[in-house]
Participant: 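First the structure, which I've put down as structure tokens, then a few questions once you've had a look.
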Protein chains: 2
Amino acid sequence: MITVAIAEDHQSLIDGISLLLKYEEGISIIGTSNDGRDLLDIVRLKQPKVVIMDIRMPKLDGIEATKIIMKEFPHTKVIAFSMFDQDQAVIQMRDAGAKGYILKNSPLEEILKAIHAVMQGKVYYDTGIDQRLFDDAFAKAKTPKSVLSKSEREILRLIAQNKTSSEIADIRFTAVSTVEKHRKNMMRKLGLSGKGELLKYAIEKKYDF
Amino acid sequence: MITVAIAEDHQSLIDGISLLLKYEEGISIIGTSNDGRDLLDIVRLKQPKVVIMDIRMPKLDGIEATKIIMKEFPHTKVIAFSMFDQDQAVIQMRDAGAKGYILKNSPLEEILKAIHAVMQGKVYYDTGIDQRLFDDAFAKAKTPKSVLSKSEREILRLIAQNKTSSEIADIRFTAVSTVEKHRKNMMRKLGLSGKGELLKYAIEKKYDF
DNA sequence: GAGAATATACCCGATAATGGGTATACCGAC
DNA sequence: GTCGGTATACCCATTATCGGGTATATTCTC
């Protein structure tokens, strides 16, 4: 019997998956959740063999939840089920320990295929996903290191709030020129140039995956 | 026989809805589509009684598609099926002619209830939706008028791309001072003040519904 | 120890965005 | 015709953001 738990903030999708698996021989849904934290409780209590995991969810996202599950239940198979097809989304779920990755714009029966594949110890990825992303070396080469230092990241967050360098200097107890030097360093590292580019970058980054 | 067409860019959701309706007496799915434009072809060819309509879709969004359907087939019932719970999303679908609005984080069987309700000439809205939004007077009062003029809106779009006033002036064949005057007018109308606020506003507005 | 990165702080100059105004011309509503 | 809004164009001053540098001190890795 393959026990399955599902985490997905859209209840309509959970219901769809449930309908799909309801009559499947050998598969049993032992719990569903609309957020990552609730899911952990379910996994700890019921210890499903397979978890279908959305990424963007309230309270705890699928990436973090997967890491935690892998630490406590290393034999549980996590299959990502997400609208995100960006490389970084795939890589992060892979690194967290997911054994599969399905896109929401694929047919629902992909989930069934993925469940059977991971139960056979295989890795299952959607045809819309670059298959090389599940290769260790390729994924590692693709993972951007954070080019910004801790201070730089903090300053960038303040810039995203349109704080002036003077205001940021007050907040951080440094000279204005120090903040401006950090700004210059970030411009160089991020390959930006021109007025407003750093502010634009900081604001837009908020909405990136 | 209630004929139903579905437009939704996530195929997994279409499959879930199909599973739900498959065994329903008196309901028949006559077509599905992953984008608004393809859906129009289906509606023109098959003339379903009910359309389940996502909002954010490629090629043609659900709001526009609904308007077009209402113009050509005024007796067709459109039910919105969306992740957006913002008032403006609901109001715009309502204004486009939708007779129902279901949220994706509701149980899938809400769709069944909505189909039967609209076929009885009723309006069906998700319990997560402010029920007053389907009242004409309330919706009208809630619809913000655009405070910006046509030129102002165009300039704001260019500002969102971090174009300088000088660049915008070149694009629009005006003097730089004209662009700056427009900027001042927008600052006043939007109640903004200080450097970078207009750029910040322009960029953030892009991601609003 | 050497080298690189980070953090702190300063110098200078150019320019773009505000914030405060001025004005005229045109259009639409009343 | 009057009024208000929009569009066009200009004046001025201030200041924040770059872009180009300078320097020292500290920390980490090899």
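All chains are named by letter (A, B, ...) in the order of the sequence lines, taking the proteins before the strands, and each is independently numbered beginning at 1.
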Participant: If you take any heavy atom closer than 4.0 Å to DNA chain C, which residues from residues 165-173 of chain B end up in contact?
Facilitator: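 DNA chain C contact set from residues 165-173 of chain B: S165(B).
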Participant: What donor-acceptor contacts under 3.5 angstrom involve side-chain atoms of residues 107-119 of chain B, with partners at least two apart or in another chain?
Facilitator:
| from | atom 1 | to | atom 2 | distance (Å) |
| --- | --- | --- | --- | --- |
| E110(B) | OE1 | Y124(B) | OH | 2.7 |
| E110(B) | OE2 | K113(B) | NZ | 3.2 |

Participant: Please report the distance, rounded to the nearest Å, between CG in N185(A) and C1' in dG21(D).
Facilitator: 13 Å
Participant: Which pairs with one or both residues in residues 68-78 of chain A pass salt bridge (charged side-chain N to carboxylate O under 4.0 Å, His left out), sequence neighbours excluded?
Facilitator: R44(A)-E72(A)
Participant: Has the side chain of K150(B) got a donor or acceptor atom sitting under 3.5 Å from an opposite partner on the base of dT6(D)?
Facilitator: no
Participant: At less than 3.5 Å, do the side-chain atoms of K184(B) and the base atoms of dT18(C) form a donor-acceptor pair?
Facilitator: no
Participant: When you get a sec, tell me which of dA7(C), dC18(D), dA9(C) is the closest nucleotide to the side chain of E152(A)?
Facilitator: dA7(C)
Participant: Tell me the closest heavy-atom pair linking E167(A) and N162(A), and the distance in Å.
Facilitator: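 Result for this residue pair: OE1-O, 4.2 Å.
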Participant: Take atom NE2 of H182(A) and atom P of dA9(C), then tell me their distance rounded to the nearest Å.
Facilitator: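 H182(A) atom NE2 is separated from dA9(C) atom P by 9 Å.
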Participant: Starting at CD of E154(A) and ending at P of dA7(C), how long is that distance when rounded to a whole Å?
Facilitator: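 The answer, rounded to whole Å, is 10 Å.
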Participant: Nearest heavy atom decides the nucleotide; on that basis, is L192(A) or E180(B) closer to the 5' end of DNA chain D?
Facilitator: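 The 5'-side residue here is E180(B).
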Participant: Kindly write out the residues that satisfy ring pair (Phe, Tyr, Trp, His ring centres under 6.0 Å) with Y125(B), not counting sequence neighbours, or none if the list is empty.
Facilitator: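 Only F134(B) meet the ring pair (Phe, Tyr, Trp, His ring centres under 6.0 Å) criterion with Y125(B).
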Participant: Tell me, for nucleotides 24-29 of chain C in 5' to 3' order, what letter each nucleotide earns: B for a base near a protein heavy atom under 4.0 Å, S for only sugar-phosphate near one, - for neither?
Facilitator: ------
Participant: Just the rounded figure in Å: distance from P of dT6(D) to CZ of R183(B).
Facilitator: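 Roughly 18 Å, once rounded to whole Å.
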Participant: Which whole-number value in Å describes the distance from L156(A) CG to dA7(C) P?
Facilitator: 13 Å
Participant: Salt bridge check, R183(B) against E180(B): does any charged N sit closer than 4.0 Å to a carboxylate O?
Facilitator: no
Participant: Take the protein atom NZ of K200(B) and the nucleotide atom C1' of dT18(C), then report the distance between them rounded to whole Å.
Facilitator: 17 Å
Participant: For nucleotides 2-5 of chain D, tabulate all protein N/O to nucleotide N/O atom pairs closer than 3.5 Å, reporting atom names and distance.
Facilitator:
none

Participant: By the 4.0 Å heavy-atom rule, please label T178(A) as base, sugar-phosphate, or nothing.
Facilitator: base
Participant: Please give, in whole Å, the distance from dA7(C) C1' to R153(A) CZ?
Facilitator: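 Distance check: R153(A) CZ to dA7(C) C1' gives 15 Å.
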